[in-house]
Asks: 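One structure, as structure tokens, below. Some questions next.
Here is the naming used below: chain letters follow the sequence lines, and residue numbers restart at 1 for every chain.
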Number of protein chains: 2
Amino acid sequence: MNISAAAQLASLPPKTIRYYEDIDLVRPGRLDNGYRDYSESDVHRLRFLQRSRSLGFTIEECRLLLSLYDDDHRASADVKAIANAKILEVDRKIAELQGLKTTLSALARDCHGDDRPECPIMDDLAGHHEQ
Amino acid sequence: MNISAAAQLASLPPKTIRYYEDIDLVRPGRLDNGYRDYSESDVHRLRFLQRSRSLGFTIEECRLLLSLYDDDHRASADVKAIANAKILEVDRKIAELQGLKTTLSALARDCHGDDRPECPIMDDLAGHHEQ
DNA sequence: CCTTGACCTTCCAGTAGATGGAAGCCCTAT
DNA sequence: ATAGGGCTTCCATCTACTGGAAGGTCAAGG
């Protein structure tokens, strides 16, 4: 499959996909005419990248996550430890999004749609969980 | 409060906080000696920025969200519409994180901690929700 | 067969969002 | 008064793309 089909499936611009190849995150095959040729599994990687990047993971974090699947030489114990660490991070992000949603919902609820609300929501703006 | 105290409370580097001032996201006062002076409400803004940036919202999206609280001239109907749109986005992000967590949990579970798992999890890597 | 248009390629420049380091001022503490 | 750490500004660098130019490829139509 060519790059724009892959782009469609992965919800990523072709430019970004080429960039991911430059930095060795994905290694599509090439056709005789020089066109990149993406397999199903390449598209899976790309979708994974799209998802985790849009959720605030850095490229290097994504590379690490992908390496969990790639690296046959990595000890399983390492894989497990890294995966568990990332799960905690994901849980934290979910909690933060839920806090954000609470803030936004309060704002939407308090807006009658015709006048400016009193909104002391600013107090809540930053969430209340200490870290 | 000076910049490093604010940095501590907001979980942001001082450098980033100065940058956010450059691009007019936060406007701390100044002491006579030229030092920046952060109020509680400045720190709230910064925490909010830290939170939403780390969750994948762009600076311009953050600016929009903050403007919901700032702009006394914006119609309430607009605030409500924007807040509701962002709530949908937040819900989508939460769902994606839950998908990511499922993937990572499966990986951690299938790793016995001593040997390489069979892991056909690659199939699941990109999540299964079409967009 | 040849052109037109929509692909694809590489390369190089520019943007967004920070981040690092130098040079110098401020403050407290010995 | 001088050593330390914190603060300031400014400029360079980095990450993660994004845009555009210049040119090759391919399927469709005249």
Side-chain angles (χ1 to χ4, degrees), chain A residues 1-39 42-43 45-67 86 89 93 96 100 126, chain B residues 1-39 42-43 45-67 86 89 93 96 100 126:
Chain A
M1 140 182 23
N2 67 21
I3 198 167
S4 59
Q8 196 77 45
L9 292 172
S11 310
L12 281 174
K15 281 269 181 186
T16 302
I17 295 179
R18 291 193 195 97
Y19 171 70
Y20 287 166
E21 181 176 350
D22 279 357
I23 61 174
D24 284 322
L25 283 174
V26 64
R27 303 180 152 289
R30 294 279 177 151
L31 301 177
D32 287 349
N33 62 13
Y35 285 23
R36 290 170 178 82
D37 184 30
Y38 294 87
S39 67
D42 290 331
V43 171
R45 287 180 84 83
L46 291 171
R47 284 189 63 79
F48 181 80
L49 285 166
Q50 187 285 318
R51 198 154 57 119
S52 30
R53 286 292 298 126
S54 85
L55 293 169
F57 288 97
T58 66
I59 289 286
E60 288 316 308
E61 287 171 326
C62 293
R63 194 189 299 282
L64 180 65
L65 287 167
L66 284 172
S67 79
K86 286 295 165 191
E89 238 179 277
K93 280 176 190 280
E96 288 180 357
L100 195 53
Chain B
M1 134 183 27
N2 66 20
I3 198 167
S4 58
Q8 197 76 45
L9 292 172
S11 312
L12 282 173
K15 282 271 181 188
T16 302
I17 295 180
R18 291 193 195 97
Y19 170 70
Y20 286 167
E21 182 176 350
D22 278 358
I23 61 174
D24 283 323
L25 283 174
V26 64
R27 301 181 153 290
R30 292 281 175 149
L31 301 177
D32 287 350
N33 62 12
Y35 284 22
R36 290 171 178 82
D37 184 30
Y38 293 88
S39 67
D42 290 330
V43 171
R45 286 179 85 81
L46 291 171
R47 283 187 64 80
F48 181 80
L49 285 165
Q50 187 285 319
R51 199 153 57 120
S52 30
R53 285 293 296 126
S54 86
L55 292 169
F57 289 96
T58 67
I59 288 286
E60 289 315 309
E61 287 171 326
C62 293
R63 194 189 298 283
L64 180 66
L65 288 167
L66 285 172
S67 80
K86 286 295 165 189
E89 239 179 276
K93 280 177 190 280
E96 287 179 359
L100 196 52

Asks: If you measure from the Lys or Arg side-chain nitrogens to the Asp or Glu carboxylate oxygens, is any gap between E96(B) and K93(B) under 4.0 Å?
Replies: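 Not counted as a salt bridge, because no side-chain N and carboxylate O are separated by less than 4.0 Å.
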
Asks: Tell me, please, the opening and closing nucleotides of DNA chain D, 5' to 3', among those with an atom under 4.0 angstrom from a non-hydrogen atom of chain A.
Replies: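 The contact span of chain A on DNA chain D goes from dA16(D) to dC26(D).
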
Asks: Is a side-chain donor or acceptor of R63(A) paired with a backbone partner of I23(A) at a separation under 3.5 angstrom?
Replies: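 At least one qualifying donor-acceptor pair exists.
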
Asks: Any side-chain N or O of N33(B) under 4.0 Å from OP1/OP2 of dC27(C)?
Replies: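 The answer is yes; a side-chain N or O of N33(B) sits under 4.0 Å from OP1 or OP2.
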
Asks: Keeping the roles fixed (side chain from N2(A), backbone from A5(A)), state whether a donor-acceptor pair exists under 3.5 Å.
Replies: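 Yes; judged by distance alone, with no hydrogens or angles, the pair exists.
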
Asks: Can a salt bridge be assigned to the pair R30(A) and E21(A) using a cut-off of 4.0 Å between side-chain N and carboxylate O?
Replies: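 Judged by the 4.0 Å cut-off on N to carboxylate O distance, R30(A) and E21(A) do form a salt bridge.
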
Asks: Please report, rounded to the nearest Å, how far the P atom of dT15(C) is from the NZ atom of K15(A).
Replies: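 It is 15 Å, rounded to the nearest whole Å.
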
Asks: Side chain of Y35(B) only, please: which of dG17(C), dC26(C), dG20(C) is the nearest?
Replies: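 Shortest atom-to-atom distance from the side chain points to dC26(C).
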
Asks: Would you indicate, yes or no, if dA16(C) has its OP1 or OP2 atom less than 4.0 angstrom from a side-chain nitrogen or oxygen of T58(B)?
Replies: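 For dA16(C), OP1/OP2 do not have a side-chain N/O of T58(B) under 4.0 Å.
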
Asks: Which atoms form the tightest heavy-atom contact between A10(A) and L46(A), and what is the distance?
Replies: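 Closest approach of A10(A) to L46(A): CB-CB, 3.6 Å.
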
Asks: For the pair made of CG in D32(B) and P in dC26(C), what is the distance, rounded to whole Å?
Replies: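 Rounded to whole Å, this separation is 12 Å.
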
Asks: Are any side-chain N or O atoms of D37(B) and backbone N or O atoms of M1(B), one a donor and one an acceptor, separated by less than 3.5 Å?
Replies: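 Yes; judged by distance alone, with no hydrogens or angles, the pair exists.
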
Asks: Please tell me which of the listed nucleotides, dG21(C), dT9(C), dG17(C), lies nearest to the side chain of R53(B)?
Replies: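 Out of dG21(C), dT9(C), dG17(C), the nucleotide with an atom closest to R53(B)'s side chain is dG17(C).
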
Asks: If you compare every side-chain N and O of R18(B) against the phosphate oxygens of dG17(C) (OP1, OP2), does one of them come in below 4.0 Å?
Replies: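 Checking dG17(C) against R18(B), no side-chain N or O comes under 4.0 Å of OP1 or OP2.
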
Asks: Roughly, in whole Å, what's the span from CG in L55(B) to P in dG17(C)?
Replies: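 About 16 Å, once rounded to whole Å.
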
